[in-house]
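What follows is one structure encoded as structure tokens, with my remarks underneath.
Keep in mind that this is a model prediction, so the values were computed, not measured. First listed ligand is number 1; within each ligand, the first listed atom is number 1.
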Amino acid sequence: MHARDHWQLNPRIDFLNHGSFGACPKIVLQKQHDLIRSLEQDPIAYLAPERDLEPKLDEVRNKIATLVNASATDIAFVRNATDGVNAVLSSIPLQPGEEILITNHGYNACNNAAQFAAQRTGARVTMADVPFPLTTQQAVLDALDSQISPQTRLILVDHVTSPTGLIFPVEEIISMAHARNICVLVDGAHAPGMLQLDLSRMKPDFYTGNHHKWLCGPKTSGFLYVQPELQHQVRPNVISHSANRPRPKRSRFISEFDWTGTYDPSPLLAVPAALDFMRNLYPGGLVELLETNRQKALLARRILCDALAMEPPSPDCMIGSLVTIPIDADQFCRRGETGAPAETLQKILRWDHQFELPVFAFEGKDPHCLRVSMQAYNETSQVARLARILLSLKR
Ligand SMILES: Cc1ncc(COP(=O)(O)O)c(C=O)c1O
């Protein structure tokens, strides 16, 4: 059986966009359906926190805590990384004039959340301009360093950047920030299942990640780590029962995030099935899967860069399973096309050549970018075909 047969992706499309929303294997979806069936057989027993739900959530919590090397008492659940980022930004006390430092590689939705938190509190958002292409990780540290001021209170930074697919040196960013008494919120939306995470070593103040991207869990499940001394500050985006009804032997932090009103816990409870599935794909477990995806991503980048006669836009050490290539999209669109070049090229690739992958204008301007994801079901031959099609389109 080929790895792709474990997924139900449309076989007529070369799906090179795992990074956007992930894709869930059949066996994990089956597990989720089984969980929903059990829930609907006895909704009260299943969902009432004091009956079955809490122990089930704790089992998942323990597995995620082990995966990211953190204490389970520091891990709450969120629906997604956007939810996790918003919870932190809307909770932490910001004073007028204080600054939240973000980067130009940050995910738009989360940078918007920073803007909103600043508007509500009279704080300000400042932006570090990290170059792309770039030749060293140090460029990230330098860009952030140049924007840190005595007013900087919090840095919001992607672990793996959304548009440019770069692994940012978060451990060094955190050390630099802590040396100046600044907190760091890491948006690790892509990290679980792409990188080996060690939060005990990294020491972020806040770290959020998705289970539904590279871990291949069902959609709407993620975690939020908060270091113990800050947990009293962080509240979920929805305030519910646990605000005034403490649960025995559970912190308010855990119990508030455990219940934010009626929800479907099946995506979360199916995460162990996703973990088992991913671990069993290769004899070397998750470590081998991550390394294989990384090697496939580096090879994909090499194939595309060779075809387009360009140098890779970042050092190899900044690459996980996601690669972004700068491209002048205009050169690949037919003469007379009227739409925006990036959008037009994406549509040509999708509708004329059956590729699903994002082509976009990074920061709304040139160079345009093309982003390729390499998950277990992807093959180098798909990227080789993409390179041939791009060459055939080039004017
Ligand atoms: C860095 C980053 N943060 C947050 C998100 C949003 O993820 P979600 O929609 O699951 O919250 C993404 C999505 O691609 C992302 O790349």
Side-chain angles (χ1 to χ4, degrees), residues 15-24 64 76-90 100-117 127-128 130 132 140 144 154-170 173 184-195 197 202 204 206-225 236-238 257 260 263-264 267-268 270-271 274 293 297 314 318-324 346 356-360 362-363 369-375:
F15 187 72
L16 295 169
N17 191 7
H18 189 87
S20 281
F21 304 120
C24 193
I64 293 299
F77 292 124
V78 288
R79 301 294 82 81
N80 48 56
T82 310
D83 187 20
V85 165
N86 272 273
V88 174
L89 287 168
S90 61
I100 307 171
L101 176 54
I102 63 175
T103 82
N104 56 330
H105 292 236
Y107 186 64
N108 177 58
C110 298
N111 281 353
N112 284 344
Q115 294 287 359
F116 185 63
M127 168 90 82
V130 178
F132 186 70
V140 180
L144 283 163
L154 177 80
I155 298 177
L156 164 61
V157 70
D158 290 10
H159 196 169
V160 181
T161 61
S162 171
T164 43
L166 299 176
I167 302 170
F168 271 8
V170 282
I173 293 170
V184 181
L185 162 56
V186 182
D187 173 358
H190 287 280
M194 185 195 290
L195 307 176
L197 286 174
M202 187 191 292
F206 316 98
Y207 190 109
T208 188
N210 279 327
H211 308 142
H212 52 233
K213 281 194 196 284
W214 295 89
L215 277 184
C216 293
K219 285 161 190 54
T220 66
S221 132
F223 75 89
L224 171 64
Y225 162 93
N237 293 307
V238 175
F257 280 90
T260 53
Y263 75 110
D264 176 4
L268 199 44
V271 166
N293 286 348
S314 70
M318 296 182 82
I319 296 301
S321 326
L322 204 55
V323 289
T324 293
Q346 180 166 332
E356 183 60 69
L357 78 167
V359 186
F360 52 94
F362 176 48
E363 300 189 281
C369 288
L370 174 147
R371 194 184 74 177
V372 170
S373 301
M374 296 303 276
Q375 181 51 290

- Item | Heavy-atom gap Ala81 to ligand 1 smaller than 4.0 Å | yes
- Task: Around atom 1 (C) of ligand 1, find the nearest protein heavy atom and jot down its residue, atom name and distance.
- Result: Asp158 OD2, 3.2 Å
- Query: Regarding His18 and Ser373, is there a side-chain donor-to-acceptor distance under 3.5 Å anywhere?
  - Reply: no
- Residue and atom name of the nearest protein heavy atom (relative to atom 14 (O) of ligand 1), distance in Å to one decimal: Lys213 NZ, 2.7 Å
- Task: Could you tell me which atoms of ligand 1, counted from 1 in the order shown, lie closer than 4.0 angstrom to a heavy atom of Asn80?
- Result: 8 (P), 10 (O), 11 (O)
- Identify, with sequence neighbours excluded, every residue that meets side chain to side chain donor-acceptor pair (under 3.5 Å) alongside Asn210. His212
- Task: Write out the residue and atom name of the closest protein heavy atom to atom 16 (O) of ligand 1, then the distance separating them to 0.1 Å.
- Result: His190 NE2, 2.8 Å
- Query: Considering only protein heavy atoms, which is closest to atom 6 (C) of ligand 1, and at what distance to one decimal place?
  - Reply: Tyr107 CE2, 3.2 Å
- Item | Test side-chain contact (heavy atoms from CB on, under 4.5 Å) applied to His105 and Asn111, Val140, Val130, the passing residue | Val130
- Task: Please state whether His212 comes within less than 4.0 angstrom of ligand 1, counting heavy atoms only.
- Result: yes
- Message: Taking side-chain contact (heavy atoms from CB on, under 4.5 Å) as the definition, give me every residue that meets it alongside Tyr263, ordered by chain and number, with sequence neighbours left out.
- Response: Leu53, Leu57, Arg79, Trp259, Pro265
- Would you call the rings of Phe223 and Tyr207 parallel, tilted or perpendicular if under 30° counts as parallel and over 60° as perpendicular? parallel
- Task: Looking only at protein heavy atoms, identify the closest one to atom 7 (O) of ligand 1 and say how far it is in Å.
- Result: Asn210 ND2, 3.4 Å
- Task: Kindly determine whether Phe362 and Phe132 satisfy side-chain contact (heavy atoms from CB on, under 4.5 Å), including the steps that lead there.
- Result: CA-CA 9 Å; Phe362 176 48; Phe132 186 70; 4.0 Å; yes
- Item | Heteroatom proximity flag, Val160 to ligand 1, N/O under 3.5 Å | no
- Look at atom 3 (N) of ligand 1 and say which protein heavy atom is nearest, naming residue and atom and giving the distance to 0.1 Å. Asp187 OD2, 2.5 Å
- Shortest non-hydrogen contact from Leu322 toward Gly19: CD1-CA, 4.3 Å
- Message: Residue-level breakdown please: for Ser162 versus ligand 1, do any non-hydrogen atoms fall below 4.0 Å on the side chain, on the backbone, on both, or on neither?
- Response: both
- Task: Would you check whether Thr161 has a nitrogen or oxygen atom less than 3.5 angstrom from a nitrogen or oxygen atom of ligand 1?
- Result: no
- Per side-chain contact (heavy atoms from CB on, under 4.5 Å), Ser314 is matched among Ile319, Ile167, Val323 by Ile319
- Message: For atom 9 (O) of ligand 1, what's the nearest protein heavy-atom neighbour? Residue, atom name and distance, please.
- Response: Thr82 OG1, 3.7 Å
- Message: Looking only at distances, can you tell me whether any N or O atom of Asp83, backbone or side chain, sits closer than 3.5 Å to an N or O atom of ligand 1?
- Response: no
- Message: With heavy-atom distances below 4.5 Å as the criterion, would you say the side chains of Thr103 and Asp158 are in contact?
- Response: no
